[in-house]
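Quick notes on the structure that follows.
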Amino acid sequence: MIKVGLFGIGLDTYWPQFDGLLERLEGYQQQIATKMEGFGAEVVNVGLVDSPVVAREKAQVLKTEDVDILFLYVSTYALSSTILPVVQKVKCPVIILNIQPVAAIDYESFNKLGDRGKMTGEWLAHCQACSVPEFANVFNRAGIDYEFVTGYLDEQAVWDDIQDWIDAANVAATMRNNRLGVLGHYYCGMLDVYSDLTKQASAFGTHIEIVEMCEVKKYRDAVTSTEIENKIEEFKTTFEVIDACEEEELVRAAKTSIALDKLVENHNLGSMAYYYEGETANEYENIVTSVIAGNTLLTGKNVPVAGEYEVKNAQAMKIMDAFG
């Protein structure tokens, strides 16, 4: 489960002036936190940040919690000097929630309040959009990337966007923690397939484990008859095995599938890219020409396997798998 950071904003000089404003804004923020939890995230809700001093305190909490993504809820107007320290400290993707309580102020009721203080307090509870350009300006100048979600609390599109960002953060975390096995070598001549493994590791955080055909052979040579029987039964319950499929080929594929399972287990792989040719009639050729059934089973068990040593394809498959 990923950790989502959430902080609201405000200005400490408002609270003594406008009765109930702080509690009202905290209530809106709690609604957002509760909804986010329903999207399968652990929400680190640090409450409202309303001064530079509080900003540094809350930033340390979010940093210590090591959140994967940070949502900045613009609950009312706040100074950008209050916001910047939090985002600079946490150093993770930032989504600005420009979310009003309702689609529009009820001006008929608003104008009947008859008290300038109450009217100002009511306006402050709806003025989310007024400070967004200020934050964007400062983030641009500070070189901080950010995205927006704009709308109101009861708008479905708002929650769809937030869920999408949480899903994306979850996928990014999956890729950071994934171990990609690469077995064999590239298919000769397919220049578009060749990948820079360092760039893949740098971009996604993926660990790349280079595994060997001799290890697969070692596991394959040690397969027992019981394991083969169980694997063939798995073939028959998973695939449509036609009568034309020779028993010898089933056994050959079963032995290789068992070896691949052990390779994945022993290296804790979450995905794999492979290709091999070898000389005619050698053991490695026997292995590589019988991998398809085992690779298909692994892919179905959330360990996607791509042929032609196509690392980019394996990465894309893992991303799609992480999205469900």
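FYI, side chains are in, hydrogens and waters are out, and symmetry mates aren't considered; it's all heavy atoms of this structure.
- A salt bridge links E234 to K231: at least one charged side-chain nitrogen sits closer than 4.0 Å to a carboxylate oxygen.
- The number of heavy-atom neighbours closer than 6.0 Å to CZ of R56, taken from other residues, nucleotides and ligands shown, is 12 or below.
- Taken from CG in N295 to OG in S257, the straight-line distance is 8.0 Å, to the nearest 0.5 Å.
- No side-chain heavy atom of E65 sits less than 4.5 Å from a side-chain heavy atom of L62.
- To the nearest 0.5 Å, atoms CD (Q30) and CD1 (I32) are separated by 10.0 Å.
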**OP:** Verify side chain to side chain contact (heavy atoms under 4.5 Å, CB included) between F139 and L72, making sure each step is shown before the conclusion.
**Re:** CA-CA 12 Å; F139 287 175; L72 189 177; 4.0 Å; yes
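- Rounding to the nearest 0.5 Å gives a distance of 4.0 Å between CD1 of I162 and CD1 of I99.
- The salt bridge (charged side-chain N to carboxylate O under 4.0 Å, His left out) check on D221 picks up K217, with sequence neighbours excluded.
- Residues R179 and T206 fail the side-chain proximity criterion, which asks for heavy atoms closer than 4.5 Å.
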Subject >> Q315/L180 under side chain to side chain contact (heavy atoms under 4.5 Å, CB included): CA gap, chis, key distance, verdict >> reply: CA-CA 8 Å; Q315 293 284 71; L180 166 68; 4.1 Å; yes
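- Residue V182 is not grouped with residue V288 when hydrophobic side chains (ILVMFWY) are merged at heavy-atom distances under 4.5 angstrom, including chains of intermediate members.
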**OP:** Would you please test F204 and I319 for side chain to side chain contact (heavy atoms under 4.5 Å, CB included) and show each step?
**Re:** CA-CA 10 Å; F204 293 101; I319 288 168; 3.9 Å; yes
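- A distance of 11.5 Å separates NZ of K63 from CG of L70, quoted to the nearest 0.5 Å.
- Taking the six-membered ring for Trp and the full ring otherwise, F148 and Y146 have centroids separated by under 6.0 Å.
- Between M119 and D115, every side-chain heavy-atom pair lies at or beyond the 4.5 Å cut-off.
- In summary, the side chains of H126 and Q100 do not present any donor paired with an acceptor at a separation below 3.5 Å, with no hydrogens or angles considered.
- Between V94 and E147, the closest side-chain pair of non-hydrogen atoms is not below 4.5 Å.
- Under the 3.5 Å distance criterion, with hydrogens and angles disregarded, no donor-acceptor pair is assigned to the side chains of T289 and E285.
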**OP:** Take K312 and E310 through the salt bridge (charged side-chain N to carboxylate O under 4.0 Å, His left out) test and state the conclusion after the steps.
**Re:** CA-CA 6 Å; K312 297 187 294 294; E310 175 48 292; 3.7 Å; yes
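- Checking each of Y186, Y187, Y275 against Y194 for a ring pair (Phe, Tyr, Trp, His ring centres under 6.0 Å) leaves exactly one that passes, namely Y186.
- Looking at heavy atoms from C-beta onward, L260 lies in side-chain contact with M272 at the 4.5 angstrom threshold.
- Heavy atoms from other residues, nucleotides or ligands lying under 6.0 Å from CD of E240 number 12 at most.
- A donor-acceptor distance shorter than 3.5 angstrom exists from the side chain of K318 to the backbone of G270, with no hydrogens or angles considered.
- Remark: the Q200 side chain and the D196 side chain contain no N/O donor-acceptor pair separated by less than 3.5 Å.
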**OP:** For the pair R252 and E249, evaluate salt bridge (charged side-chain N to carboxylate O under 4.0 Å, His left out) and give the outcome as yes or no after the intermediate values.
**Re:** CA-CA 5 Å; R252 196 166 76 95; E249 285 300 311; 3.2 Å; yes
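- Under 3.5 Å, the side chains of D50 and T82 contain no donor-acceptor pair of N or O atoms.
- There is no path of hydrophobic side-chain contacts, each under 4.5 Å, that joins V74 to L124.
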**OP:** Please report the C-alpha distance between K218 and E212 in whole Å, then the side-chain angles of each, then the deciding distance to 0.1 Å, and finally whether the salt bridge (charged side-chain N to carboxylate O under 4.0 Å, His left out) criterion is met.
**Re:** CA-CA 10 Å; K218 178 181 73 173; E212 301 289 351; over 6 Å; no
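- Heavy atoms from other residues, nucleotides or ligands lying under 6.0 Å from CG of L113 number more than 12.
- Checked by atom type and distance alone, the side chain of S290 pairs as donor or acceptor with a backbone atom of I287 at under 3.5 Å.
- Here the CD1 atom belonging to I83 is positioned 4.0 Å from the CD1 atom belonging to I9, to the nearest 0.5 angstrom.
- The shortest distance between side-chain heavy atoms of W15 and L25 falls below 4.5 Å.
- Side-chain contact annotation: D261 with Y219, donor-acceptor N/O pair under 3.5 Å absent.
- Put simply, V61 and Y73 are part of two different groups of oily side chains (I, L, V, M, F, W, Y) that touch within less than 4.5 Å, one to the next.
- Hydrophobic cluster membership differs between I95 and V90, with clusters built from Ile, Leu, Val, Met, Phe, Trp and Tyr side chains linked at under 4.5 angstrom.
- With rounding to the nearest 0.5 Å, the separation of CZ in F7 from CD in Q29 is 9.5 Å.
- Both Y28 and V4 are members of a single hydrophobic cluster when ILVMFWY side chains are connected at heavy-atom separations under 4.5 Å.
- Judged by distance alone, the side chains of E229 and S225 never bring a donor and an acceptor atom under 3.5 Å apart.
- Closest approach of V86 to A55, counting heavy atoms only: CG2-O, 3.5 Å.
- Within a 6.0 Å radius of NZ in K199, no more than 12 heavy atoms belonging to other residues, nucleotides or ligands are found.
- With ring centers used as reference points, Y309 lies 6.0 Å or more from H185.
- A donor-acceptor pair is defined here as one N or O able to donate and one able to accept, closer than 3.5 Å; such a pair exists between the side chain of Q17 and the backbone of T13.
- Within a 6.0 Å sphere centred on CG of D145, other residues, nucleotides and ligands contribute 12 heavy atoms or fewer.
- Counting heavy atoms from C-beta on, the side chains of M36 and I166 come closer than 4.5 Å.
- Side chain to side chain, Q128 and Y77 fail the donor-acceptor criterion of an N or O pair below 3.5 Å.
- Using modelled atom types, no side-chain atom of N137 and backbone atom of P133 make a donor-acceptor pair closer than 3.5 Å.
- Counting only heavy atoms from C-beta outward, the side chains of P93 and W165 never approach each other to under 4.5 Å.
- The pair K262-E227 counts as a salt bridge, with a side-chain nitrogen and a carboxylate oxygen less than 4.0 angstrom apart.
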Subject >> Residues E279, N282; criterion side chain to side chain contact (heavy atoms under 4.5 Å, CB included); working and verdict >> reply: CA-CA 6 Å; E279 288 294 316; N282 72 29; 3.5 Å; yes
